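Numbers restart at 1 for each chain; the letters A, B, ... are given by sequence-line order, proteins then strands. Since we're looking at a predicted model, the values are computed, not measured.
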2 protein chains.
Amino acid sequence: MSSRPSLAQVAALSGVSVKTASRALSGEGYVAVETKARVQSAADELGYRLNRTARELRRGGNTSTLVGLLSGDLANPFYSRLASGLERELRMHGLQLITASTDENPEWERRLTDSLLERRVRGLVVASTMAEHGHLAAERRHGSPFVFVDRPPVDLTADAVLLDNRGGAKRAAEHLLERGHRRIGIVGDLSRLSTHQDRVEGFAEAMEAAGVADWRDYLLEDAHDVDKAERAVRALLARDPAPTALFTTNNRITTGALRAIGHTPFAATNKDAATHRDTATHRNAATDKDAATGNSAAGNSAAGKGTALIGFDELDLGDVLGVSVIAHDPEEMGRHAARLLLARLDGDDGPARRVVLPTRLIERSTTALT
Amino acid sequence: MSSRPSLAQVAALSGVSVKTASRALSGEGYVAVETKARVQSAADELGYRLNRTARELRRGGNTSTLVGLLSGDLANPFYSRLASGLERELRMHGLQLITASTDENPEWERRLTDSLLERRVRGLVVASTMAEHGHLAAERRHGSPFVFVDRPPVDLTADAVLLDNRGGAKRAAEHLLERGHRRIGIVGDLSRLSTHQDRVEGFAEAMEAAGVADWRDYLLEDAHDVDKAERAVRALLARDPAPTALFTTNNRITTGALRAIGHTPFAATNKDAATHRDTATHRNAATDKDAATGNSAAGNSAAGKGTALIGFDELDLGDVLGVSVIAHDPEEMGRHAARLLLARLDGDDGPARRVVLPTRLIERSTTALT
DNA sequence: CTGAAAGCGCTAACAA
DNA sequence: TTGTTAGCGCTTTCAG
């Protein structure tokens, strides 16, 4: 627990001035080889390690190598893949990522933003959950570049990497309409999120163009987690008349829907049940053998089995399961964000850029013609 | 792009000393309400923001609020869920997570570890990919607590949160053996990883207890990504005699195996193909309609369709797909790591602790009796 | 309640 | 090639 050795101690031990020690260790040059070796071994002996924060303080201004990322929750594959793409790209340029989860809570987002800025991050990538961003206007003047991802800035001009939400959702609806569906349920995330609104809009556009005026009857919103989504879908399928198809507007809702619909490959022998979902519950390495009691998937399969489904976001096992989706590339979004940021750090002071990434329809068995 | 205002500038503008400004803004007290208000408004006017690195430098020692996490790749759900659990727990205690991906490359790990230590992180959580950790012994004496996750430290005493890899793998093998399987293929990750070795050991124990001596004939290792795993499984199934069951030792290998085996729910109508896997490829929002050409999943279904399968790690849609797994809770591992770290930061200097988290068998349709 | 001086660990600027 | 001095932005210490 002895406190860390400083450069001064290394200098003392090797009998040189602090500055010489600094030069020797930071590879600045202009140090006799012999001196350098002596300093090096003194450093090793003491277990010396540069204090990067002190260096950055002295060097002043923009020398931090930290980039902040604010997003909903890393456990969501969309965010984690975004983070992965971003981190890798930054790492290649000597920058490090510091992540903070907001849990889609504006208050947390505000607090964490402050905290990252106090830490003098070099830039900030944010999948914002806030309604507006005027409060960041002052920051921009102080030279911290922001890149918005997934959701655009409101009341603020800044770079952004977005998805073609509207187009993707429209395509999803068209795909279902082409297959003859008219009563199409749509289950969405938090209604305040712009991504949600855009997806509903795109959906609406296709539906109205097809002359389906009452599509709102089958709209369910604010299904923010898998369980809520499962319940929402179940409720939707219980309607009379029931929808013949579903559009789920993100990966978690699609997961919930799949559970509700019971698109299980081997329904007859499937022994899995709702109790298995909570992997947080540990039961001492015991064997779980649930009989079919309370098996929600099987239980409802009669109701939803024939229901067509298409989801926004690709799923990890989407290909194996055969789920039709509107796919896009979260890693690419992260890489793009990194590139925009790096350009700013490189001195680019042009007008704010907005990149819109495409989506594509992947047609699989959940929307196959019967 | 004007540089950030410092406390001195706030002090100047409000006509007080630097120290008074400091007191006013950091809520230290002993400031006249009126003075405090004046300083506050000056700070607002200038857009002042505390420089936390300067504060930490001055306060000395262990005042950083940063905790580092080193792991393979956030895009892997195991790591991202671990990170999520860790981050949330730390956040509740005012600490922030800084993540770095090693891509299972020891060289990167070493470099990133150095970098994090130079940043004076308060502690380090590491899913190490290195063969030994003796080089960190010096660090421990300087008061930076390490917590190893998933894989234990080698040549170093430190806290660790591990899985019951051996027990879980043994249980998997027993489960298959109980169902009458004898020729069981086992596909594993990088053979140098201790987790892999432990899982193979557990598997071996059960196999040998059951009198299956030649299990190694069906062992394939170093299938580190989904594609490699898919190919490995395909090769295994092409053997004569082919294995009747498979044990895949992590989530990515299981994914690859599912693709190879083609456990698709609607095989007859499944239109998905290998080309869809690369979501990195964007094709301008176009519709992908692949005919069954080159559909690897369907193509091999004849070979592997009847093959039983159990995987280590839960899968996102494992319940819907009906895949039997040895499950555990990555978030819990993260939370545990946080707790161990927090205890150390709180002054706990007892002997190194080792937590072993249980696994549990979830029996689903891929190992159902036919 | 307020302030002046010193210093955290490091490096820029300027000497020698 | 090496050393000295000053100072990054903040807080501690000690006086007012």
Side-chain angles (χ1 to χ4, degrees), chain A residues 2-40 42-43 46-65 115 117-122 142-143, chain B residues 2-40 42-43 46-65 115 117-121 142-144:
Chain A
S2 61
S3 82
R4 282 173 188 290
S6 71
L7 201 49
Q9 303 181 47
V10 176
L13 182 60
S14 46
V16 297
S17 77
V18 192
K19 178 64 211 185
T20 300
S22 168
R23 275 194 275 252
L25 295 175
S26 62
E28 187 184 323
Y30 301 107
V31 185
V33 252
E34 191 253 342
T35 311
K36 182 166 180 172
R38 200 147 36 89
V39 173
Q40 189 61 257
L46 293 173
Y48 170 78
R49 222 174 253 289
L50 170 74
N51 184 330
R52 195 177 280 267
T53 56
R55 165 186 281 184
E56 283 170 4
L57 179 60
R58 175 61 245 226
R59 289 202 171 153
N62 296 328
T63 47
S64 155
T65 60
S115 178
L117 288 171
E118 286 179 354
R119 217 172 278 291
R120 294 297 187 267
V121 289
R122 202 70 188 288
H142 292 304
Chain B
S2 61
S3 82
R4 278 172 192 292
S6 71
L7 200 50
Q9 303 181 46
V10 175
L13 182 59
S14 45
V16 296
S17 78
V18 191
K19 179 61 213 183
T20 299
S22 168
R23 274 194 275 251
L25 295 175
S26 61
E28 187 184 322
Y30 301 106
V31 186
V33 252
E34 192 254 342
T35 311
K36 182 165 180 173
R38 198 146 36 88
V39 174
Q40 189 60 257
L46 293 173
Y48 170 78
R49 222 175 256 287
L50 170 74
N51 185 331
R52 196 176 282 267
T53 58
R55 164 186 283 185
E56 283 171 5
L57 179 59
R58 176 60 244 224
R59 289 202 172 155
N62 296 327
T63 47
S64 155
T65 59
S115 179
L117 289 171
E118 286 179 354
R119 215 173 279 291
R120 296 295 188 268
V121 290
H142 292 304
S144 295

Student: Please tell me which of B:Ser6 and A:Lys19 maps to the more 5' nucleotide of DNA chain D, matching each residue to the nucleotide holding its nearest heavy atom.
Tutor: A:Lys19

Student: Whole angstroms only, please: what is the CZ-C1' distance between B:Arg120 and C:dC8?
Tutor: 12 Å

Student: Considering non-hydrogen atoms only, spot the tightest contact between A:Pro5 and B:His142 and give its length.
Tutor: CD-CE1, 3.7 Å

Student: Given that A:Arg55 and B:Ala21 both sit by DNA chain C, which one's nearest nucleotide is further toward the 5' end?
Tutor: B:Ala21

Student: Return the value, rounded to whole Å, for the distance between atom CD of A:Glu56 and atom P of D:dG7.
Tutor: 22 Å

Student: Assess whether one donor atom and one acceptor atom, taken from the side chain of A:Arg58 and the base of C:dG9, lie less than 3.5 Å apart.
Tutor: no

Student: Taking atom P of D:dG9 as reference, at what distance in whole Å does atom CD of A:Glu118 sit?
Tutor: 15 Å

Student: Pick the nucleotide of DNA chain C nearest each of B:Val31 and A:Leu50; which residue has the one closer to the 5' end?
Tutor: B:Val31

Student: Atom CZ of B:Arg119 to atom C1' of C:dC10: distance rounded to whole Å?
Tutor: 15 Å

Student: Rounded to the nearest Å, what distance is computed from the CG atom of residue A:Leu25 to the C1' atom of nucleotide C:dG9?
Tutor: 13 Å

Student: Go through B:Gln40 and B:Leu25 one step at a time and tell me if the side chain to side chain contact (heavy atoms under 4.5 Å, CB included) criterion holds.
Tutor: CA-CA 7 Å; B:Gln40 189 60 257; B:Leu25 295 175; 3.9 Å; yes

Student: How is B:Arg23 classified with respect to the nucleic acid when contacts are heavy atoms under 4.0 Å: base, sugar-phosphate, or nothing?
Tutor: base

Student: Roughly, in whole Å, what's the span from CZ in B:Arg4 to C1' in D:dG9?
Tutor: 13 Å

Student: Between B:Ser22 and D:dT11, is there a contact of a side-chain N or O with OP1 or OP2 at under 4.0 Å?
Tutor: yes

Student: Does D:dG3 have OP1 or OP2 sitting under 4.0 Å from an N or O in the side chain of A:Ser17?
Tutor: yes

Student: A:Glu56 and salt bridge (Lys or Arg N to Asp or Glu O under 4.0 Å): which single residue from B:Arg52, B:Arg119, B:Arg120 fits?
Tutor: B:Arg119

Student: Let me know the distance between CZ of A:Arg59 and P of C:dT11, rounded to the nearest Å.
Tutor: 6 Å

Student: CG of B:Leu7 versus P of C:dG7: gap in Å, rounded?
Tutor: 20 Å

Student: Taking the side chain as everything from C-beta on, heavy atoms only, tell me whether A:Gln9 gets closer than 4.5 Å to A:Arg4.
Tutor: no

Student: Using atom types as modelled and distance alone, determine if a side-chain donor or acceptor of A:Arg38 lies under 3.5 Å from a backbone N or O of A:Ser14.
Tutor: yes

Student: A:Tyr30 side chain N/O closer than 4.0 Å to the phosphate oxygens (OP1, OP2) of C:dT11?
Tutor: no

Student: Looking at every strand, decide which applies to B:Thr35 at a 4.0 Å heavy-atom threshold: base, sugar-phosphate, or nothing.
Tutor: sugar-phosphate

